[in-house]
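We count residues from 1, following the sequence as given. Quick caveat, the model's predicted, so the values are computed rather than measured.
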Amino acid sequence: MSASGTDTGPQPGAVLDAEGATFRVHAPDASLLHLCLFDEAGNRETDRLPFRREGDWHLLRVPGLREGQRYGFRAEGVFDPDRGLWFDPAKLLVDPYATELDRPFCHDPRLCRFGEETADLVPRAVLKQHAPLRTQTPRFDPAGPIYEVAVKPFTILHPDIPAEQRGTVRALGHPAVLSHLKKLGVSAVELMPITAWIDERHLPPLGLANGWGYNPVALMALDPRLVPGGVAELRETVEILHAEGIAVILDLVFNHTGESDRYGATLSLRGLDNRTAYRHLQDDPGFLVNDTGCGNTLACDHPVMRRLILDTLRHFVRHAGVDGFRFDLAPVLFRTGQGFDPNVIMARELLADPVLADRILIAEPWDIGPGGYQLGQFPDRFLEWNDRARDRLRRIWRGDRGMRGDLATVLSGSSDVFSGERARGVTFIAAHDGFTLADLVAHAHKHNEANGEDNRDGHDDNHSWNNGMEGKTADPAIRAARRQDVKALLSTLFACRGAIMLTAGDEFGRTQQGNNNAYAQDNAITWLDWQTADGALLAHAAFLARIRRRFSVFSGTDFFHGQGDVRWLSSEGRPLEDREWQDHASSCLVMVLTSEDRERGAPVQLAILFNPEQNPQDFRLPEGSWLRLDEEAGDPISHRIALAPRSVEFLVGNFASG
């Protein structure tokens, strides 16, 4: 152990060399560990070899093993869940350090029952030796959106992708996908979990399956359903995206595992090292702390678990070249027995690590544990999902009154949330969790009946509206109003300071039929229907992406200070008075920015006009000559412009700043 308590011994897991392989497993409470070797197909066990104990670790050297060898572990010891001991030699266990598996996890009740053999159910780890890559500086420009992608739903129905690639990471490197990403000016793709997961045990009886992957088992093992080519497939896809200037961010789950609560499956950590791996009540090792709502919570402050997490991050940088990470339910990573602490050893080690020191780091800054909402409290290196901005923007366009000041605050980067000089928020309006943009304006209430929980699951307070009718409609007026609302929401998102995030498909009207918790819908509810994509909406998103790339102001991440960088005006063209920021009479707002126009190579003024009202509004423009950015070949506008209801307009001009 180092002075900080971090394990610094030989590499855990399986280490392959020219003469064979060395296995090292932390299992202080186990009486004996065995290595199970399988044939090339992974079906027949060929050898069962005992480890030797060395303190809290179990070691084994096996000469002659080669890359591709299938293997698993079995552990013997006391079975007493009330004491946090789950040893069951009938359970085949996955190496916590496995990087590839030969088959996906599949839930079965036998995984949860003591004494029942599971070798026919559990994936085998595949022995691999990964060549390190030359480290490159991460690619990321806040001007381009972070594009949140669920790999299978994004690609499974794409007509231009070969059938054998659909639903896989490899499909992200297809020219049709690259063209779409470039059209949207994507700066980084954020891949929802691609590591191996298992269905929650209540889903199979309902005929459902987890389609999001937020229920992992081995933390660095790629799921063979999404990445059948393993680490090589991920690395090659990252290289293709890098060649297009697009960064790759992995969404990783270090807060819980799919072994769930005490009635869950024994698959890996539980059967090897339960009392180390999971957080328990201090005086009750049989009680699993559930700060995640998923049945267990990883003990991220334990030295062995810290090393596993850091080794996982290093692995994906060194061997796949990824640019950064998004941390699901991130407060778990920063929680000790005393509560959330942004300066915990985990944070210090992560931020100081030379392999990780320049990576993009994004926190989902909440969980359901004590003190679980920590927006704005993470270390300065972290970007944070800004749900406060999400709710404010939804409420503004829903029609809530007195929120003009909230709109300006979000557009400026939410300086009321984040201390310092940098806009660290990731502003978004919709994400994988919750309503899609199209559903946000078509449903006043959630519709999660397909999840089999009588519509009890998912958030109830969505700040949504339906434009006069709930759900699907053929009424042309309602459909037009909904499209107009989505265009306005997209325009507002793309006008925000700092990093923004767009979830795949929201740019062309994806719907989940009002389901705001579609994790269990690995079917047409979540699969993107490219054949029915709204071309006009996609064209508008592409237009917004061009604006964001064209004007340098959108690459900045420091907060606006109001000294020549931004002016806030009323629809009458005058500076807003203090009382008008919360005025219930009007929500209209003009933001005037100073920026470099990269097309013209000259400084310009950029005016963005917001009309959330239900009626057309006349706007008086600042002095000068203005052009609409969507029709620059048109006639200049000098004094007034009429904005349609529920709309946003972008204008560029050169004029005196009086």
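Remark: Arg598 engages no residue in a salt bridge (Lys or Arg N to Asp or Glu O under 4.0 Å) (not counting sequence neighbours). The salt bridge (Lys or Arg N to Asp or Glu O under 4.0 Å) check on Asp439 picks up nothing, with sequence neighbours excluded. Remark: Tyr214 pairs with His432 by the ring pair (Phe, Tyr, Trp, His ring centres under 6.0 Å) rule, at least two apart or across chains. By the salt bridge (Lys or Arg N to Asp or Glu O under 4.0 Å) test, Arg549 is found to be paired with Asp141, residues two or more places apart in sequence or in another chain being considered. Phe378 meets the ring pair (Phe, Tyr, Trp, His ring centres under 6.0 Å) test with Phe334, Phe340, Phe382; sequence neighbours excluded. Under the salt bridge (Lys or Arg N to Asp or Glu O under 4.0 Å) criterion, Glu259 pairs with no residue, sequence neighbours left out.
Of the options Asn462, Asp460, Asn451, a side chain to side chain donor-acceptor pair (under 3.5 Å) to Lys446 is made by Asp460 and by none of the others. Partner of Arg395 under the salt bridge (Lys or Arg N to Asp or Glu O under 4.0 Å) criterion, out of Asp461, Asp406, Asp400: Asp400 alone. Ile360 pairs in a side-chain contact (heavy atoms from CB on, under 4.5 Å) with only one of the listed residues (Ile249, Val248, Ile146), which is Ile249. Among Asp301, Asp291, Asp341, the single residue meeting the salt bridge (Lys or Arg N to Asp or Glu O under 4.0 Å) criterion with Arg335 is Asp291. Checking each of Thr155, Thr237, Asp223 against Val169 for a side-chain contact (heavy atoms from CB on, under 4.5 Å) leaves exactly one that passes, namely Thr237.
For Asp328 and Asn255, the side-chain atoms include at least one donor-acceptor pair closer than 3.5 Å. Using a 3.5 Å distance cut-off with no hydrogens or angles, the side chains of Asn515 and Gln513 do not pair a donor with an acceptor. In this structure, a donor-acceptor pair under 3.5 Å is present between the side chains of Asn517 and Asp457. A donor-acceptor contact under 3.5 angstrom links the side chains of Glu507 and His180, judged on distance only. A side-chain donor from one of Arg139 and His242 sits under 3.5 Å from a side-chain acceptor of the other. In this structure, a donor-acceptor pair under 3.5 Å is present between the side chains of Ser414 and Asn386. With 3.5 Å as the limit, one finds no donor-acceptor pair spanning the side chains of Asn296 and Asp261. Side chain to side chain, Thr503 and Tyr147 fail the donor-acceptor criterion of an N or O pair below 3.5 Å. A side-chain donor from one of Asn516 and Asn448 sits under 3.5 Å from a side-chain acceptor of the other.
Looking at Asn210 and Asp522, their side chains never come closer than 4.5 Å, going by heavy atoms from C-beta outward. A heavy-atom distance below 4.5 Å is found between the side chains of Leu310 and Arg314. Considering only heavy atoms from C-beta on, His256 comes within 4.5 Å of Asn215 through its side chain.
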- [ ] Evaluate side-chain hydrogen bond (donor to acceptor under 3.5 Å, both in side chains) for Thr99 paired with His130, printing each intermediate quantity in order.
- [x] CA-CA 10 Å; Thr99 59; His130 306 292; 2.9 Å; yes
- [ ] Check step by step if side-chain contact (heavy atoms from CB on, under 4.5 Å) holds for Thr297 and Leu288.
- [x] CA-CA 7 Å; Thr297 303; Leu288 286 162; over 6 Å; no
TODO: Mind running side-chain contact (heavy atoms from CB on, under 4.5 Å) on Leu407 and Thr492 for me, showing each step along the way?
DONE: CA-CA 9 Å; Leu407 175 57; Thr492 307; 4.0 Å; yes
TODO: Any chance you could lay out the side-chain contact (heavy atoms from CB on, under 4.5 Å) test for Val426 and Glu384, step after step, and finish with the verdict?
DONE: CA-CA 6 Å; Val426 176; Glu384 301 181 34; over 6 Å; no
TODO: Show your working on ring pair (Phe, Tyr, Trp, His ring centres under 6.0 Å) between Trp527 and Phe154 and close with a plain yes or no.
DONE: CA-CA 6 Å; Trp527 297 350; Phe154 183 61; over 10 Å; no
Task: Worked verdict on Leu356 versus Leu351 for side-chain contact (heavy atoms from CB on, under 4.5 Å) - done: CA-CA 7 Å; Leu356 308 173; Leu351 297 175; over 6 Å; no
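Taking a cutoff of 4.0 Å between a charged side-chain nitrogen and a carboxylate oxygen, Arg394 and Asp391 do not qualify as a salt bridge. Using a 4.0 Å cut-off between a side-chain N of Lys or Arg and a carboxylate O of Asp or Glu, Asp558 and Arg422 do not qualify as a salt bridge.
One distance of note links CG of Leu269 with CG of Leu298; it measures 7.0 Å at 0.5 Å rounding. Atoms CZ and CG, from Phe559 and Asp565 in turn, are 12.5 Å apart once rounded to the nearest 0.5 Å. Rounded to the nearest 0.5 angstrom, Glu239 CD and Gln136 CD are separated by 8.0 Å. For the atom pair Trp385 CH2 and Glu190 CD, the distance stands at 6.0 Å (nearest 0.5 Å). How far OH of Tyr278 is from SG of Cys300: 11.0 Å, rounded to the nearest 0.5 Å. In this structure, Glu100 CD and Leu234 CG are separated by 10.0 Å, a value rounded to the nearest 0.5 Å.
Taking the six-membered ring where tryptophan is involved, the planes of Phe543 and Phe650 are perpendicular, since the angle between them exceeds 60° and thus also 30°.
Arg392 forms no cation-pi arrangement with Trp397, by the criterion of a distance under 6.0 Å to the ring centre and an angle within 45° of the ring axis.
For His561, the NE2 atom is densely surrounded, since the number of other residues' heavy atoms within 6.0 Å is greater than 12.
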